[in-house]
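A, B, ... follow the sequence lines: proteins, then strands. Residue 1 opens every chain.
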Amino acid sequence: MPTLYANKVSQPCRSLLWFIDYANRKDIDIRIVDVQARDHKRPEFLAKFPSGQIPAYEEGDLLFSESTAILEYLAHNHPLLPTDARKLAKLHEYFARHDTEARKLTTEYVWPWFVAKSRDEMLDRKRVGYDVIKPILDKYDSWFAKYDYVLGPTLSLADFMFAPEIDQVVFADSLLFDRFPNISRYLRRLRQEVTGYSHNIDTAASISRNMADSRGW
Amino acid sequence: MGKLYYNRLSQPCRSVLWFLGFTGIEFEKHEVNISARENETPEFIKLNPLGQLPVWVEDDFVLTESSAILQYLATADLRACPSEAGKIAEYIARHHSLVRQLSSDCFVPALLAPDSEHASVAKAKFEDVADTVNLFEADLSKHRFVVGDKLTVCDFLFACEVDQLHCFGLLENYPKIQEYLRRICEVQGYKDVWTPFVQALVELKVLTQVPPQF
């Protein structure tokens with residue numbers, strides 16, 4: 001049985017878990033990797049996946065990581081993987097840019113405040129991180145004034161990569177999206193219209209709340 | 001006929017230029033002078049709001065990102081069968097998050113350094129990317145190309161990152177990468193892009209002479 005090694009705290013893992021739910025891929029065995037126990041750095045895991053990262057995918061002898069690669073592979077023969085060469089090219093263009101744009105919402109804003117060791121440090125990191133991500137939020141808020149989804153008028157695999165990066169920003173500041181009404185509307189649209197999204201974000205929200213509660217500030 | 005907007009010093013541009021030479025696809029070349037800020041003109045920004053190169057244009061279809069362009073242009077020969085597709089996509093993701101640092105963290109700082117400091121900056125900055133280079137030295141001792149034993153679009157991306165290090169003699173301790181680059185030299189179209197690249201570096205006085213053979 002093909003296996004996905006994942007953990008719901010990781011945004012790229014959430015992208016894949018959401019797609020697996022959306023596409024009803026009951027054939028995929030989902031193995032939760034305990035990242036806090038550093039299971040992904042153990043020799044058995046590294047022997048298969050030398051980069052020591054999740055998500056990671058195993059299907060017989062085929063072993064690989066990188067969420068965009070796994071997503072495209074999982075979507076083979078699914079209607080959301082374009083067969084038109086130009087539409088596929090636009091998806092690849094988004095994937096190429098994902099790390100330097102949407103992923104920064106997590107690496108520059110959500111993570112830093114999340115791992116802060118005091119309330120003051122958390123507030124400071126949120127301030128610094130916000131300056132980095134504001135241009136990205138502005139860009140996408142303008143985009144969503146014109147288009148319903150990341151690549152245009154229809155849902156695509158790009159939305160599966162994008163949404164789990166941006167929706168967590170609201171865990172840091174629940175009022176943030178009041179400033180970006182079109183992004184808010186986009187996320188509400190996903191909740192209402194796209195199978196699996198509500199469950200995906202709500203699970204992440206509850207993990208995040210538990211982690212925040214355990215810190216007490 | 002498609003048009004390519006490019007700059008001969010840019011790795012992603014070289015990758016696409018080389019690939020077009022390899023496949024023999026006809027296209028119009030438009031060189032964009034970055035030091036003259038031609039990528040910041042209103043006309044160019046209209047084409048690509050990010051002001052980046054390369055850009056591939058076919059009528060009203062505008063495509064950026066070298067990896068996307070390569071995959072789009074890939075002929076049947078180089079298109080992966082499903083079992084290889086995952087490994088190719090994995091390399092492409094890693095190219096953006098990891099391999100591109102060979103440019104951003106080492107080669108570009110060296111390029112932009114004051115006169116007579118290019119080589120010393122390259123050597124100093126190499127420490128920041130050595131781990132990545134070590135990874136690929138290990139990989140290339142297991143297979144002939146960057147993904148498996150056959151040439152793929154990934155080689156068009158990877159070779160144009162790692163050959164930059166050869167310009168400053170930084171690959172002396174990497175026999176497998178050197179062997180790989182010798183193999184790449186034999187690939188149709190590679191030298192047609194490498195030669196103008198190193199000649200430009202000599203003209204700009206970034207290098208005192210053209211680098212030796214791989």
If you count every heavy atom of other residues, nucleotides or ligands that lies below 6.0 Å from [X] atom [atom1], does the total exceed 12?
X: B:E28; atom1: CD; answer: yes
X: A:K41; atom1: NZ; answer: yes
X: A:R38; atom1: CZ; answer: no
X: A:K8; atom1: NZ; answer: no
X: A:K139; atom1: NZ; answer: yes
X: A:H78; atom1: NE2; answer: yes
X: A:R86; atom1: CZ; answer: yes

Could you look at [X] and say if it's the side chain, the backbone, both or neither that has a heavy atom under 4.5 Å from chain A?
X: B:L63; answer: both
X: B:L135; answer: neither
X: B:T64; answer: both

Item to check | Nearest-0.5 Å distance, OH of residue B:Y72 to NZ of residue A:K90 | outcome: 10.5 Å
Item to check | Residue part contacting chain B, namely of A:F64, when any heavy atom lies under 4.5 Å | outcome: both
Next on the checklist: At a 4.5 Å cut-off on heavy atoms, which part of A:T68 comes close to chain B: side chain, backbone, both, or neither?
Outcome noted: side chain
Next on the checklist: Can you list everything that forms a ring-ring contact (aromatic ring centres under 6.0 Å, His included) with B:Y180? Sequence neighbours excluded, please.
Outcome noted: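 Applying ring-ring contact (aromatic ring centres under 6.0 Å, His included) to B:Y180 gives B:F158.
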Checklist entry - B:A68 and A:E93: which non-hydrogen atoms are nearest, and at how many Å? => result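 Distance-wise, the nearest heavy atoms are CB-N, 3.5 Å.
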Checklist entry - Which heavy atom of A:A69 sits nearest a heavy atom of B:G86, and at what distance? => result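 Taking every non-hydrogen atom into account, CB-O, 3.9 Å.
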Checklist entry - Which residues in residues 94-109 of chain B have a heavy atom less than 4.5 Å from any heavy atom of chain A? => result B:R94, B:H96, B:S97
Next on the checklist: Are the side chains of B:E65 and A:H92 in contact, using a 4.5 Å heavy-atom criterion?
Outcome noted: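 A:H92 does not reach B:E65 side chain to side chain.
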Item to check | Donor-acceptor contact present, side-chain B:E90 to main-chain A:S65, <3.5 Å | outcome: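 Indeed, once roles are kept as given, a pair shorter than 3.5 Å links the two residues.
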Checklist entry - Does the B:K87 side chain pair with the main chain of A:L63, one donor and one acceptor, at a distance under 3.5 Å? => result yes
Item to check | Intermediate values then yes/no, side chain to side chain contact (heavy atoms under 4.5 Å, CB included), A:R97 and B:L50 | outcome: CA-CA 11 Å; A:R97 211 165 271 163; B:L50 292 176; 3.5 Å; yes
